[in-house]
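Right, one structure below, let's go through it.
Note: hydrogens, waters and symmetry copies are ignored here, and every other heavy atom, side chains too, is used.
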Amino acid sequence: MNEELGITIGTEARAARQHLGLTQAEVAERIGLVHPVYNRLERGKMLPSVPSLYRLCRELRVSPEKLMGLTATGGVRKGTKPKPKEEDAPELRRLLHLARKLDAEDLAALLHVASALTR
């Protein structure tokens with residue numbers, strides 16, 4: 001396995017996933033992988049198969065070139081770890097993940113509780 005490529009794909013996938021506000025579990029489910037396998041992919045410990053790479057690009061809305069660190073001229077750029085933002089806090093991502101599973105009535109109740117807690 002090309003370690004540099006694995007790290008680049010994992011770093012780019014993580015950045016795109018966080019930009020979309022998705023959890024690893026959500027992306028794994030959407031592309032047909034189990035969560036531990038997707039976790040290894042994001043950590044650069046494995047390369048995706050071509051079908052998995054295709055599904056990953058579609059779900060994360062990134063081009064294969066971006067995911068593999070290729071520039072417009074065909075050069076390779078090393079992956080960089082994105083700076084964590086406040087909205088990327090694990091607790092907020094987890095809350096968002098859970099909130100997405102709620103029906104409209106439960107979501108309204110959660111919003112009411114959250115509003116009351118901020119007063």
Side-chain angles (χ1 to χ4, degrees):
M1 177 181 92
N2 182 330
E3 288 183 44
E4 185 176 324
L5 179 58
I7 291 169
T8 300
I9 290 173
T11 301
E12 293 293 339
R14 178 179 294 115
R17 174 182 59 78
Q18 290 176 338
H19 177 75
L20 294 173
L22 299 172
T23 65
Q24 285 187 345
E26 288 172 315
V27 174
E29 181 180 332
R30 291 178 183 191
I31 66 170
L33 296 176
V34 293
H35 182 227
V37 171
Y38 181 77
N39 179 278
R40 287 184 59 217
L41 188 147
E42 266 197 16
R43 288 184 293 127
K45 301 297 182 188
M46 66 171 282
L47 290 172
S49 66
V50 173
S52 292
L53 180 66
Y54 174 79
R55 291 189 303 268
L56 187 62
C57 290
R58 289 191 62 183
E59 286 301 321
L60 296 179
R61 301 179 194 141
V62 296
S63 70
E65 292 85 1
K66 171 88 171 136
L67 206 59
M68 292 187 289
L70 299 174
T71 63
T73 59
V76 176
R77 175 181 51 82
K78 289 191 178 191
T80 58
K81 189 170 184 167
K83 293 181 183 177
K85 301 177 211 164
E86 182 180 327
E87 63 267 19
D88 289 342
E91 296 84 3
L92 291 175
R93 289 195 318 262
R94 178 74 177 140
L95 182 60
L96 184 58
H97 173 72
L98 294 171
R100 284 188 176 123
K101 294 181 177 184
L102 299 175
D103 61 27
E105 185 178 329
D106 290 341
L107 188 57
L110 177 62
L111 183 58
H112 181 71
V113 169
S115 295
L117 289 171
T118 60
R119 292 183 191 149

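- Between the OG atom in Ser63 and the CE atom in Met68 there is a gap of 8.0 Å [rounded to 0.5 Å].
- Taking CD of Glu42 as the reference point, atom CD1 of Ile9 lies at 12.0 Å (rounded to 0.5 Å).
- Between Leu60 atom CG and Arg55 atom CZ the span is 12.5 Å, to the nearest 0.5 Å.
- Between Arg30 and Leu22, the closest side-chain pair of non-hydrogen atoms falls below 4.5 Å.
- Atom CD in Glu29 sits 14.0 Å away from atom CD in Gln24 (nearest 0.5 Å).
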*Could you check Val27 against Leu56 for side-chain contact (heavy atoms from CB on, under 4.5 Å), going step by step and ending with a plain yes or no?*
CA-CA 8 Å; Val27 174; Leu56 187 62; 3.9 Å; yes
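- Val34 and Met46 end up in the same hydrophobic cluster when Ile, Leu, Val, Met, Phe, Trp and Tyr side chains are linked at under 4.5 Å.
- Between Arg17 and Glu26 there is no salt bridge, since no side-chain nitrogen of the basic residue lies less than 4.0 Å from a carboxylate oxygen of the acidic one.
- For CZ of Arg100, the number of neighbouring non-hydrogen atoms (other residues, nucleotides, ligands) closer than 6.0 Å is greater than 12.
- Scanning both residues, Ala16 and Val62, for their nearest heavy atoms gives CB-CG1, 3.7 Å.
- Here the closest non-hydrogen pair linking His35 and Ala25 is CD2-N, 3.6 Å.
- A donor-acceptor pair is defined here as one N or O able to donate and one able to accept, closer than 3.5 Å; no such pair exists between the side chain of Thr11 and the backbone of Thr8.
- Between the CG atom in Leu5 and the CG atom in Leu67 there is a gap of 9.0 Å [rounded to 0.5 Å].
- In this structure, CZ on Arg14 lies 8.0 Å from CG on Asn39, to the nearest 0.5 angstrom.
- Within the 3.5 Å criterion, the main-chain N or O of Pro48 finds no donor-acceptor partner in the side chain of Ser52.
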